[in-house]
Amino acid sequence: CGFAPRGALVMPDGLGPVRVTGSDPYSPLVTGVSRALQRQGVALADGDRAGTAVLTLGNESFRQGPLMAENFSSIQEYVTTYTATVQLRDARGNEVIPLQTVTLEREYVYDTRSPIGTPAEQELIQEELRRDMVAAILRRVDAALR
Amino acid sequence: RSEDRNQPLELDAETTDGFLTDDGQTTFSGNVVATQGTLHIRADQAVVTMRNGDIVRVVLTGNPARMRQEDDQGQPMDARARRVDYDLSTDQIVFTGGVEIEQPRGSLRGERVFYDMATSRVNAGQSGERVRMVIQPRTAQGN
Amino acid sequence: QTGPATLPPEASVGGLYVTSQSPDPWVFCRGPDAIAPFAPVRPGAGSPETSETIIDFDNLQADEESGHSIFEGDVQLERGTQWLGTDRLVYVHEEEDYLAEGNVRYQDASLRMLATRAEGNTGLEVHHLDQVRYQLLSQRGNGGADTVDVRGVLSTLHGASFSTCDPVDRKWELRARRLDLDQDEGEGVARGVTVRVGNVPVLYTPWLSFPLDDRRKTGFLYPTVGYDNELGLDLFLPYYLNLAPNYDLTLTPRIMSRRGVMLGSEFRYLFGPHSGTVEAWYLPSDDKARDPALRGSDRYEYRIGHRTVFNQQWYGLANVHRVSDPRYFEDFSVTTADRERAFLESNVGLYGRGRYWTTSIEARDWQITDALIADSAEPFMELPRLRFNYDRPLGDYLTVGLRSEAVGFRHDIRSEGSRLDLKPYLRADFAGSWWFLAPQVAYRHTQYELDAPVRPGGDTSPSRSVPIYSVDGGLFFDRDVEWFGRSLINTLEPRLFYLRVPYRDHSDIPIFDTRDLLFSFPQLFRDNRFSGADRQADANQLAAAVTTRLFEPGSGRELGSLAVGRINYFDPPRIPPTSPATVLNDSGSFYVVDANVAVSDRWSFGSSYQWDPASERTQLNTYRIRYDFENGGLVNAAYRYRRDLLEQTDISAVYPLSPSWRLVGRWAYSLPDQSTLDATAGVEWQSCCMAVRVLGRHYLRGRYTGNLDNAEKGNAIYFELELKGLGSFGRKTDDLLTRSILGYTR
């Protein structure tokens, strides 16, 4: 049916080593994406040497809201949305991948009669979303470079 | 300056018509240059009217005629016009035709400007044409 | 805000379909400016102080001695961006005083004025004008005044009028004895004010401030008027006190015709790294409370939101929200966000993070705000709650880390205790472009100190330690496909997740903060069926799933995805769920299908489905469809079925009849009860400078427990009159609409 193993993540030729930076220096996203790129065989530029291609991961934000509009049934369905932006520029600064927003969502049920355990579930969801965002960004970069 | 009046008047021109006699008119024409103290004049033609040995009126014409003088505070005034009618008896000057008067404080441009040295009053306009005055910002004037 | 602080779900805007464009409020204004520009501003015109002054005129009388110049005949004075036109201008050079008389016109970067007479001093930037008509440029504000005194950017108008309506279509106008406009601060303050709509006086107030641009919070926040069949006329009269640039206070008396006067106050502050808001509402000795037990008692609500940023790594948060009694929201709150909350969470904490670690030291407490819930159901107070997470990459493939938490659980009724949970782990991530393999081993040790054993004679310091082995692996295939004439990338991603956790006896282990996790697609790849540390599920299972996605090459945008999966149990799980409602089979989990498609910018569709092979019944069945019209309208339709929990439809729409008229509606219906959960219908009319919204709402007053018919229902009417640029009167409908209609924006 035409499916073939996915080819290696091919950076445009002449791009050179890529430096992964993020607006938040302590965000695990930067570490995660860097290691994932390395595993795909992409050369990484270490430190912040100027003059290298830069993959910028930015303004990560979590938002919680009702999945369906408000109502009073005791079971409220909520969704946690995690967004991050990704952009790739080459060494001279022109865009290889324009600024894009990657959005991931997870649903959870908030039983208003017994919220015990809901905060713990939210923390688990936020951690999963962070890990999945690394894969989602890689997919986005791979497809954008096709 | 007011004491320019008592300075010697030198006048130089290519041709002269008349002999600066006590009464009557003398016309100088062709690169007329006149100086009297801080007053400098350059014009194509100057008609000087004398009465009882004193110059009572000077009419300059040129394209434009130029007249430069300093006031008592040493501020220079540089005027240009096609015709300058300087009546020494009333100390009044009338500039007409493409008048441009430059002073450190600003400039005045119009078709007719009347300047009374005695009362230091200036009138501009009455010529049906627009008049423009440009005043430099305080900082520029100061130094 | 990416900090680990987790708040109970505020009802913010619906997660999925939020459009963020903010329409220009003046889009409806086509009329000419009140005062057309007098003269084109010369390009590159500098600031007045440093520009030369050019005066054009017909004639001049000047006296060099006194420095007086009198210009006459269509005098036009231009100084940088300032322009003045008048019939006659007297100017004193030295002192820079001027007097302009006759057909005076003034224009600068921020406003235009017509006046009969003007005098002032150009050096000191001081001007006085008589019989003025003005037009502000920043926000279409225009009007007239008997006199105007301008000092630099401050102008004071006496006997002034102000409106943002086109002069030809004066829908509303504010008249004030005195009006101070501060272009720098962007704020107008009016005194002795009457506001007229049409020619009906709507409001008189001795003092009122409003924005000249949208920078600052408006001053007098305009009464909010509503009607509720329980509270009667419900009037909020907020006064804004701008105490200092970095703190302000808003006092809001709330007059309820059937309940009396409640005083509200909101104090906002920003001191260096500290910022926050303190809000409080207080109704002394409420003698008309519906619940006789509360009659005569004080009713209050207070909420403190504080944040201190120490540095990029450490910050402190405090979110305290308390009410006087469980029926407070039911009685007084009309905004749905507060009403449907059964519990109010308050927490105070210090949060830190570093290159490979995050930590937090918190105290967290809850308060029941729903009279139907027993005190014993109140979650434990967690004091203290210490957490430390560490994830250290080693080389290219390994990661070593720790999840650790120490919590003191306190409760008025239930027996208390403390818990230490440590979970070190080691993970390897091997991957190529078309495969990945991630084995992980962890060891979870959880130790308790209990005041009383779970079972009579049981252990008061039980502990549980268990190894957790898991292997995650997957393959990636893709191909190019044509789809509706577009060449796309279609991927196929099979994935397996094996989990092995030996059984441990939990009979001595209490339940403090643990609950069954809602079964969903991500559940396939989790190492525990429970949230929280009190239960670690035994497992010998293999989850199999396959996901296919559609990508747009070039942009990389994901257009759609379909995921199917299930967990197969090699050994039946032995630890029971915490809630009897949770279904747990011996052979395996439900089948789960998740599908999302964004066909175009207009259409998007989402569905998830779960099927229980054991009982051969559907457990979850949901559909979500959204369509965006070109003219800004939108329709959401959703159906949600969760076995034994809920079956609801929810249809909401915003339909613009014309650029000015919009219909908004929303209807949530519960099928098992054949009854409406919530219905809102309204009409919105907008013009250049005014907007009117009328909304009717039928809603559930209290929580319903299954039987909808006997649940109390309320009807409310919301009326809002918005004077654009001045503020709005009437119940704030924006908040309600945004939350009940997904994707609604003004």
Side-chain angles (χ1 to χ4, degrees), chain B residues 1-2 4 38 67 69-79 81 90-97 99-143, chain C residues 38-39 42 44-100 102 108 120-126 152:
Chain B
R1 297 235 172 130
S2 37
D4 282 349
T38 64
M67 178 174 153
Q69 191 173 27
E70 282 180 12
D71 63 17
D72 291 339
Q73 290 82 25
Q75 294 285 344
M77 184 197 76
D78 183 350
T90 59
D91 255 341
Q92 292 174 341
I93 309 176
V94 179
F95 303 89
T96 46
V99 182
E100 282 183 41
I101 298 176
E102 302 282 344
Q103 280 175 317
R105 199 174 37 174
S107 69
L108 188 61
R109 229 178 286 110
E111 283 314 302
R112 183 183 179 286
V113 175
F114 163 81
Y115 186 48
D116 181 334
M117 309 259 279
T119 62
S120 70
R121 279 182 51 252
V122 176
N123 284 13
Q126 289 94 22
S127 63
E129 296 292 324
R130 294 289 279 172
V131 187
R132 163 163 290 190
M133 170 184 281
V134 175
I135 304 169
Q136 292 311 322
R138 184 149 288 287
T139 46
Q141 286 172 16
N143 42 36
Chain C
F38 304 124
R42 248 181 330 96
S47 77
E49 302 73 27
T50 58
S51 312
E52 55 185 19
T53 308
I54 301 168
I55 310 175
D56 288 335
F57 51 90
D58 285 348
N59 47 57
L60 160 73
Q61 267 90 39
D63 177 344
E64 291 285 317
E65 227 36 68
S66 64
H68 264 72
S69 308
I70 301 169
F71 304 88
E72 281 165 335
D74 185 14
V75 183
Q76 295 186 13
L77 180 148
E78 187 183 326
R79 198 165 83 116
T81 53
Q82 278 177 340
W83 185 91
L84 177 73
T86 175
D87 295 345
R88 185 171 181 278
L89 175 70
V90 177
Y91 187 70
V92 182
H93 287 282
E94 256 343 286
E95 292 79 9
E96 290 192 312
D97 287 334
Y98 75 90
L99 165 65
D108 68 17
N121 183 297
T122 53
L124 304 172
E125 289 284 321
V126 172

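What you see below is based on every heavy atom in this structure, not just the backbone, and it leaves out hydrogens, waters and symmetry mates. The chains referred to below are lettered A, B, ... by the order of the sequence lines, with proteins before strands, and numbering in each begins at 1.
Within the 4.5 angstrom heavy-atom criterion, no atom of B:Glu111 approaches chain C. Heavy atoms of B:Phe114 lying under 4.5 Å from chain C are absent altogether.
C:Asn59 pairs by the side-chain hydrogen bond (donor to acceptor under 3.5 Å, both in side chains) definition with nothing, not counting sequence neighbours.
For the atom pair CD (B:Gln136) and OG (C:Ser51), the distance works out to 10.5 Å, reported to the nearest 0.5 Å.
Between C:Asp58 and B:Val131, the shortest heavy-atom distance links the atoms O-CG2, 3.3 Å. Residues C:Asp63 and B:Thr119 come closest through the heavy atom pair OD1-O, 3.7 Å.
No option in B:Val113, B:Leu108, B:Asn123 other than B:Leu108 meets the side-chain contact (heavy atoms from CB on, under 4.5 Å) test with C:Leu60.
Of the listed residues (B:Glu129, B:Arg132, B:Arg130), the greatest number of heavy-atom pairs within a distance under 4.5 Å of chain C belongs to B:Arg130.
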